[in-house]
Amino acid sequence: MNIGESVEDSCRRLIRVLPADYRAAHGEDLVSTLADTVDERGVLPLRERLAVLALAVRLRVVTPVTGPAAAALVAMLVLVQAGLALLGVLMGTVSALLYLGQAWLPVPRSDLPLAFDLGSELASQIGQDLVFAAGWLAVLYGLLHGRRFAAPVAVALAGVPLVFQVINNPYGLAWASRVLTLCTLVAALYVWRRGPLSVPGRPGRWLLALLVSTAWLLAQAQLLAWLPLGFAAPVIWALGAVAVVVVVLVAKGRPWLLLAGSWLALLVALSHGATSLIFDFSPPVPQLSVALAVAVVLAGLAWLSPAGAVRRVARR
């Protein structure tokens, strides 16, 4: 307590760590309770100070994790998996068409770009991507409509490839896409244990987000493949800026979207960080820095949004 400051003012200064809307509803009662615990010297016991800090952590961090933002994060992870599978189907189909065009030419051309090996491997890869795309789309549908089959199907779709990856090449689990698949598996197990989630937002908008994310993944893959290495970092930063602008525009009145987006960006950053640490032993790839920047920006916007977005997320 500062010199000349009353006990009540000291308690009010302490509870500033709590969300604004919580202080507005319970602040004065909490100040009275804390003021009754001061000792004969007018000092608030340490356990009470720690209790207020613990309450702030629970309200700002723990409570939102169990709320709509967590459900949105699970849907986003599934959406990413579906987008990757659809991207594989699209690129495999293009490769198949190029292969068929090459086979029909009188003189086979060797300058046509081929994404996969020819023959049975190409057909097998397209079939596998189709199965996973259909499976992840079914999971997304199940999540959006509260179906119980969504969680076990997601566990199978995420767990089976990871098991084979461990058998064939354990170090391959550190690939960025595998880290995200592992995060999806953990989220699916959580949903399976807890029961169907109530994913916020309209199903139609989530399907639109699936198309946008697939196009975004395709743009990133193709631009990075076509452009010289020197242009990779600016392109990735530009795509990150576009992602932030889109999320901010869509998230008007939807603070859970800002919070879930920041968590997803943080998971993407961790996945790229694990890949760089285990395989490259080199300076971090631009995707790591961009994902961290996106996570910080979206988290800051969620924190500063009107009426305390983090607390509103816990109630919606």
Side-chain angles (χ1 to χ4, degrees), residues 71-100 113-165 168 172-173 175-189 191-192 196-197 199 201-225 239 243 246 260-261 264 267-268 271:
L73 175 62
V74 175
M76 286 180 178
L77 287 171
V78 171
L79 188 144
V80 169
Q81 297 298 326
L84 289 172
L86 289 174
L87 179 62
V89 172
L90 179 61
M91 297 185 69
T93 302
V94 171
S95 298
L97 292 175
L98 290 175
Y99 168 62
L100 292 175
L114 298 176
F116 300 99
D117 292 337
L118 303 180
S120 60
E121 183 177 351
L122 178 60
S124 174
Q125 186 63 49
I126 294 176
Q128 177 180 317
D129 288 333
L130 279 172
V131 170
F132 276 91
W136 285 117
L137 287 174
V139 170
L140 184 60
Y141 172 86
L143 282 177
L144 296 178
H145 293 85
R147 301 293 191 267
R148 291 188 176 275
F149 71 82
V153 173
V155 169
L157 291 173
V160 171
L162 292 178
V163 170
F164 281 103
Q165 188 65 42
N168 296 327
L173 285 177
W175 296 339
S177 60
R178 296 296 182 184
V179 176
L180 284 179
T181 302
L182 180 60
C183 295
T184 307
L185 174 61
V186 174
L189 289 171
V191 175
W192 198 355
L197 294 178
V199 179
R202 298 177 182 176
R205 291 180 177 176
W206 280 104
L207 295 179
L208 178 61
L210 173 62
L211 297 178
V212 172
S213 64
T214 304
W216 190 90
L217 291 169
L218 178 62
Q220 176 179 279
Q222 293 304 311
L223 285 174
L224 294 182
L239 289 174
V246 171
L264 179 62
L267 291 179
V268 172
S271 65

* Spacing of Leu79 atom CG and Leu73 atom CG [to the nearest 0.5 Å] ->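 Going from the CG atom of Leu79 to the CG atom of Leu73 covers 11.5 Å.
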
* To do: Hey, could you give me the CG/CG distance between Leu90 and Leu86, rounded to the nearest 0.5 Å?
  =>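 The CG atom of Leu90 sits 8.5 Å away from the CG atom of Leu86.
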
Any idea which heavy atoms bring [X] and [Y] closest together, and the distance?
{"X": "Ala188", "Y": "Ala154", "value": "CB-CB, 3.7 Å"}
{"X": "Leu217", "Y": "Gly83", "value": "CD1-C, 3.8 Å"}
{"X": "Ala187", "Y": "Leu77", "value": "CB-CD1, 4.0 Å"}
{"X": "Val199", "Y": "Ala75", "value": "CG1-CB, 3.9 Å"}
{"X": "Leu157", "Y": "Phe132", "value": "O-CE2, 3.4 Å"}
{"X": "Ala72", "Y": "Trp206", "value": "O-CH2, 3.7 Å"}

* Give the intermediate values and the outcome of side chain to side chain contact (heavy atoms under 4.5 Å, CB included) for residues Leu182 and Leu162. => CA-CA 7 Å; Leu182 180 60; Leu162 292 178; 4.0 Å; yes

* Within-4.5 Å side-chain heavy-atom neighbours: Thr184 and Val80 ->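 In short, these two side chains do not touch, never coming nearer than 4.5 Å.
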
* Is the shortest heavy-atom distance from the side chain of Phe164 to the side chain of Val160 under 4.5 Å? ->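 Yes; the side chains approach each other to less than 4.5 Å.
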
* Apply side chain to side chain contact (heavy atoms under 4.5 Å, CB included) to Leu140 and Gln81, showing your working. => CA-CA 10 Å; Leu140 184 60; Gln81 297 298 326; over 6 Å; no

